[in-house]
2 protein chains.
Amino acid sequence: MPQSIRPGERRVTITDVAKAANVSSATVSLALNGSPRISVETRQRVERCARALRYQPNHAAASLRTQVTRTIALAVPDIGNPVYIEIARTVQQIARQRAYHLHLISTESQPSEEVHALETLAQRSVDGLIMISLHGASALDASLREVAGPVVIIGHLQDVICDNVTVASAAGAALAIQHLWAVGCSALAFVNGPAGTWPSSEREKGVQNALRAADQTISPVLRAEEDFTTEGGHRAAQHLLAQGVCFDGLLCANDLMAIGAMRALRAHGLRIPEDVAVIGMDDIRECQFTTPPLSSVSLMAGERGRLAAQLLFDRLGGDSGTLPRQLTVSPVLMPRGSTTPRRTPAARDERGHL
Amino acid sequence: MPQSIRPGERRVTITDVAKAANVSSATVSLALNGSPRISVETRQRVERCARALRYQPNHAAASLRTQVTRTIALAVPDIGNPVYIEIARTVQQIARQRAYHLHLISTESQPSEEVHALETLAQRSVDGLIMISLHGASALDASLREVAGPVVIIGHLQDVICDNVTVASAAGAALAIQHLWAVGCSALAFVNGPAGTWPSSEREKGVQNALRAADQTISPVLRAEEDFTTEGGHRAAQHLLAQGVCFDGLLCANDLMAIGAMRALRAHGLRIPEDVAVIGMDDIRECQFTTPPLSSVSLMAGERGRLAAQLLFDRLGGDSGTLPRQLTVSPVLMPRGSTTPRRTPAARDERGHL
DNA sequence: TTGAAAGCGGTACCAT
DNA sequence: ATGGTACCGCTTTCAA
């Protein structure tokens with residue numbers, strides 16, 4: 001007969017439940033885990049006792065024995081960037097579906113923190129890891145080769161030594177440049193992210209490709225390197241303006257920077273899109289709420305998260321033998337108010353940024 | 001002599017290190033944990049061997065033995081809301097300082113998920129928990145009373161049965177209303193959040209108080225209940241407009257809603273702040289990047305995170321006997337472009353929202 | 001200063 | 001269908 005005992009200090013264990021239900025601890029374990037080898041009657045009695053005693057299985061004990069934690073980790077470079085939050089939501093959702101916990105880690109893009117994240121795998125804190133890395137994972141290469149469990153990298157990989165999901169961001173940048181031309185821009189500026197990161201060099205490459213592919217004579221493209229934040233974009237645009245650079249179309253390496261840049265441009269008396277058309281990349285939700293709404297190139301964040309989670313759970317599902325797989329998603333142009341075509345293409349000459 | 005062995009499948013344990021270093025596993029444990037009772041010489045040898053074998057302590061085993069995980073959890077209602085991210089960053093930072101891991105959980109405001117978060121405590125997955133709850137924790141009351149470890153609630157608590165930090169959001173709402181009057185508004189509208197949540201009822205109360213306290217005759221205050229998202233604010237504003245409601249000042253229950261509302265107002269041909277002054281609450285970073293910049297009432301998110309973490313770590317530091325403490329922070333008005341005073345107060349009569 | 005051994009709380013094998 | 005019991009890998013007495 002189960003009775004509602006309030007135990008003092010000691011935690012209630014499987015043994016307590018066993019005693020209360022007059023069975024062995026082994027039986028309790030089987031019953032609570034829904035083994036078919038236990039009679040319905042016994043299972044129900046055990047369940048009642050467990051509930052009455054408010055039994056909660058000790059996670060550490062179980063995972064020590066089973067070598068499984070039912071937890072995965074997601075390491076992002078910056079928890080303040082909405083695009084990673086987007087990925088986190090998707091991954092979280094899929095993890096929940098599979099009854100896994102999600103450990104969210106913000107690495108602040110520091111390699112030491114990234115290595116630390118990989119170590120949680122070795123320490124058996126988590127069963128698998130999805131990591132978003134901006135360094136082309138080159139710094140992680142060594143750690144990655146000896147890693148102690150399934151890892152999926154979102155981002156670029158020197159060699160494909162583990163599953164990874166990328167986006168054709170060079171193509172995305174080209175898409176953006178072409179769009180700026182299409183809406184009537186002729187003098188383009190390009191605010192890139194920090195040098196040495198893979199996203200930055202890919203975007204650079206995409207811009208170059210677009211220029212080469214264009215029939216028209218090459219318009220001057222200017223660059224300013226800043227970090228991937230709103231403040232970075234703001235500073236970069238101010239810098240461009242201070243140098244007296246003349247442009248009527250601006251591509252920023254991501255939306256956060258574009259939002260910062262728009263603010264700087266407007267503070268400088270420039271109208272968007274009449275004087276300068278602005279486009280970002282990522283297509284974060286905020287794009288819809290700026291004035292004017294910010295055009296962007298979607299880098300399919302949610303989709304990348306979904307694919308990464310899928311790859312990871314494939315591995316966790318036992319598919320550990322097969323070779324690393326690489327998935328690449330294609331960017332999609334999202335034109336909005338910040339790049340609406342000039343009504344009067346001829347009026348372009350009137351522009352000026354003062 | 002340590003040698004760089006590449007073990008096959010089996011994980012390398014403390015025993016492997018012990019063998020390699022010709023000591024017992026106990027000694028390895030002591031040495032690696034920096035016990036002073038181990039000779040320097042031995043410690044260094046052990047450390048060399050551990051490194052050579054790439055030994056990583058098994059977290060489950062250690063925490064099973066010590067009953068400590070060095071992990072805390074933070075449960076937020078919605079990971080998509082920047083204000084919770086702000087709190088998460090602060091908590092993360094403090095946790096890192098103390099060499100604790102942070103488990104971030106998004107409850108989507110579902111009581112079942114909140115209870116689940118509490119259970120991770122009982123399961124010994126984490127040592128402590130900070131939870132942001134909108135329900136006034138009344139649904140959690142029962143679970144909270146029997147909780148198996150230190151908990152800090154950010155938000156309202158029916159009875160102060162555990163540490164908690166709140167913000168005087170009623171006072172904040174009053175602050176906002178007074179500000180709208182101060183800048184020359186006379187007909188106010190108020191878009192509140194979902195009914196039944198503590199933040200909503202507090203804001204309502206604050207608005208009422210401000211009205212009562214005002215000498216002037218009471219201006220009509222209108223309300224629309226929506227959820228705490230940009231979309232919610234957008235819908236609410238559209239609704240107000242569609243009903244032909246006349247107002248020149250708008251308070252939204254949070255910034256996300258205010259941003260959505262501004263978009264709807266502008267789409268309706270209204271100028272901000274000339275036709276309608278708009279103010280939100282929370283003071284999220286995005287406020288600075290809207291057009292015009294959104295006035296807000298800071299609810300001190302970062303500060304609340306910091307205090308909560310502090311309370312929690314006090315408990316984890318052994319201070320478990322003392323009574324629950326309750327901390328309340330005061331809101332701060334952050335006036336920006338969306339509520340700049342009318343140049344010509346008389347011109348108010350000209351306003352109209354079509 | 002170091003080693004032997006007893007757990008921590010489950011799970012899973014092997015009996016019965 | 002159930003019970004006995006040997007682990008999982010580490011920490012921590014207690015002895016030597």
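So you know, we letter chains A, B, ... as the sequences are listed, proteins then strands, and number each from 1. Predicted, not measured: the structure shown is a model, and the values here were computed from it.
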Show the nearest heavy-atom pair for residues [X] and [Y], with the distance to one decimal.
X: B:Trp198; Y: B:Val167; answer: CH2-O, 3.9 Å
X: B:Ala122; Y: A:Arg11; answer: O-NH1, 2.8 Å
X: A:Leu316; Y: A:Tyr100; answer: CD1-CE2, 4.0 Å
X: B:Leu312; Y: B:Val151; answer: CD1-N, 4.5 Å
X: A:Pro150; Y: A:Asp127; answer: CD-O, 3.3 Å

Next item on the list: For DNA chain C, determine which residues of residues 56-73 of chain B have any heavy atom closer than 4.0 angstrom to one of its atoms, and list them numerically.
Entry: B:Leu64, B:Arg65, B:Gln67
Note to self: Among residues 30-37 of chain B, which ones have heavy-atom contacts with DNA chain C below 4.0 Å?
What the structure shows: B:Arg37
Specify the separation, in whole Å, of atom [atom1] of [X] and atom [atom2] of [N].
X: A:Arg45; N: D:dA1; atom1: CZ; atom2: P; value: 15 Å
X: A:Gln123; N: D:dC10; atom1: CD; atom2: P; value: 11 Å
X: A:Arg124; N: D:dG9; atom1: CZ; atom2: P; value: 9 Å

Return yes if some donor-acceptor pair links the side-chain N/O of [X] with the main-chain N/O of [Y] below 3.5 Å, else return no.
X: B:Arg70; Y: B:Ala99; value: yes
X: A:His135; Y: A:Ser109; value: yes
X: B:Asn33; Y: B:Ser35; value: no
X: B:Arg45; Y: B:Ala21; value: yes

Notebook entry, point to check: Quick one: does A:Val165's side chain get under 4.5 Å of A:Gln310's, heavy atoms only?
Noted result: no
Checklist line | Any A:Thr42 side-chain N or O less than 4.0 Å from OP1/OP2 of D:dT2 | finding: yes
Next item on the list: Compare side-chain N and O positions of B:Ser29 against OP1 and OP2 of D:dC10 and report whether any pair is under 4.0 Å apart.
Entry: no
Next item on the list: Just grab all the salt bridge (Lys or Arg N to Asp or Glu O under 4.0 Å) pairs involving residues 306-315 of chain A, residues at least two apart or on different chains.
Entry: A:Asp163-A:Arg315, A:Glu303-A:Arg306, A:Asp314-A:Arg325
Pairs of donor and acceptor atoms involving the side chains of residues 71-86 of chain B, under 3.5 Å and at least two apart or interchain, shall be tabulated with distances.
from: B:Thr71; atom 1: OG1; to: B:Thr69; atom 2: O; distance (Å): 3.2
from: B:Asp78; atom 1: OD1; to: A:Arg89; atom 2: NH2; distance (Å): 3.2
from: B:Asp78; atom 1: OD1; to: B:Gly80; atom 2: N; distance (Å): 2.8
from: B:Asn81; atom 1: OD1; to: B:Val83; atom 2: N; distance (Å): 3.0

Note to self: So if I take the C1' atoms of five pairs at each end of the helix from C:dT1-D:dA16 to C:dT16-D:dA1 and get each local axis, what angle do the two axes make, rounded to 10 degrees?
What the structure shows: 40°
Item checked: Proximal nucleotide (of D:dG4, D:dA1, D:dC10) relative to the A:Ser39 side chain -> D:dA1
Next item on the list: Taking only the side-chain heavy atoms of B:Ile14 (C-beta and beyond), determine which of D:dT12, D:dT11, D:dA1 contains the nearest atom.
Entry: D:dT11
Margin query: To the closest 0.5 Å, what do you measure between CD1 (A:Ile105) and CD1 (A:Ile130)?
Written below: 11.5 Å
Check: Contact boundaries of DNA chain C with chain B (under 4.0 Å, heavy atoms), 5' to 3'?
Finding: C:dT1 to C:dG9
